[in-house]
Amino acid sequence: MKIDLHNHTVLCNHAEGSVDAYVEKAIEAGINVFGFSDHAPMHFDPEYRMSFAQTEEYREMVMKAKARYAGRIDVLFGYEVDYLPGYMDDRILNADVDYLIGSVHFIDQWGFDNPEFIGRYEHEDIDRIWREYFQLVEAMAQSRHFDIVGHLDLIKVFKFMPNAPVGAIAEGALRAIKEADMAIELNVAGYRKPVGEAYPSRELLERAYELGIPITFGSDAHKPEQVGLYRDEVEAFARSVGYTRCATYSRRDRELVTF
Ligand code: ZN
Ligand code: FE
Ligand code: FE
Ligand code: ZN
């Protein structure tokens with residue numbers, strides 16, 4: 001089975017293409033389960049996400065596609081939710097979804113993965129921001145709100161690497177993820193970014209495997225052409241670490257299937 005649970009829609013204002021175009025691309029790529037997980041609304045950084053008023057429209061778009069393509073591909077409905085204390089909303093956290101991806105995109109309200117704000121790295125202690133990032137991932141797991149950790153080591157996006165060993169920095173977060181029984185995703189967006197590799201790195205994926213943390217897969221597509229890209233590479237990567245099964249969800253119930 002080919003599972004792809006991280007994909008966006010035009011509602012987030014920084015993606016393009018119709019829902020149908022994404023689903024058709026997924027069918028072409030041989031994907032069996034295709035999930036939309038668009039950026040959930042919040043009262044912070046509103047220009048990069050749908051509004052609360054658009055959540056019904058989002059649900060309808062996805063549900064229509066689910067019905068239209070039934071029998072050819074299984075379309076799932078989820079959100080990518082920012083872990084940002086003070087800005088998370090129960091309407092999203094308790095929404096009737098197949099799954100929630102929890103992602104850290106902000107450190108102290110700094111959008112560290114946005115090229116617009118890349119200048120701030122010059123003024124930061126890289127080891128310190130790596131520690132802060134993984135502390136936020138750890139707190140996110142402890143919050144128990146989410147099913148999947150989005151792009152586990154996103155902080156590497158621009159390739160500002162720490163001096164301290166990454167494994168030690170991320171260990172607390174990985175243990176919390178295991179404790180919370182969450183999955184991590186193999187997210188291929190990193191191949192399109194300066195870091196030039198998947199999230200997470202081999203080192204962190206090997207540690208996740210040792211801990212028995214399940215994986216799933218995500219294109220993190222913001223255009224239909226990005227659906228299914230690097231799929232063979234990332235599957236081979238997961239297999240080389242020892243994984244043979246990946247997670248899929250229905251109404252927040254997880255099932256592991258062979259990939
Ligand atoms: Zn996005
Ligand atoms: Fe993200
Ligand atoms: Fe995303
Ligand atoms: Zn993402």
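When a ligand or atom number is given, it counts from 1 through the structure's own listing order.
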Quick one: do the Gln226 and His8 side chains pair a donor with an acceptor below 3.5 Å?
no
Are side-chain N/O atoms of His39 and His14 paired as donor and acceptor at under 3.5 Å?
yes
Can you tell me if, anywhere in His8, an N/O/S atom lies at a distance from the Zn ion (ligand 1) that is smaller than 2.8 Å?
no
Starting from the Fe ion (ligand 2), look over the N/O/S atoms of Glu80 and name the nearest one.
OE2
Would you say the Fe ion (ligand 3) has [X] as a near neighbour, meaning an N/O/S atom of that residue under 2.8 Å away?
{"X": "His8", "result": "yes"}
{"X": "His151", "result": "no"}
{"X": "Asp220", "result": "yes"}

Between Arg175 and Glu179, is there a salt bridge with N-O shorter than 4.0 Å?
no
Quick test of your reading of the model: are Lys193 and Asp113 salt-bridged, counting only N-O distances below 4.0 Å?
no
Angular separation of His222 NE2 and His14 NE2 about the Zn ion (ligand 1), given to 10°:
100°
N, O or S atom of His105 closer to the Fe ion (ligand 2) than 2.8 Å
yes
With sequence neighbours excluded, what pairs up with Glu235 under the side chain to side chain contact (heavy atoms under 4.5 Å, CB included) test?
Lys2, Phe217, Arg231, Arg239, Phe259
My understanding is that only residues two or more places apart in sequence, or in another chain, count here; which of them pass side chain to side chain contact (heavy atoms under 4.5 Å, CB included) with Ala189?
Asn187, Arg192, Tyr199, Asp220
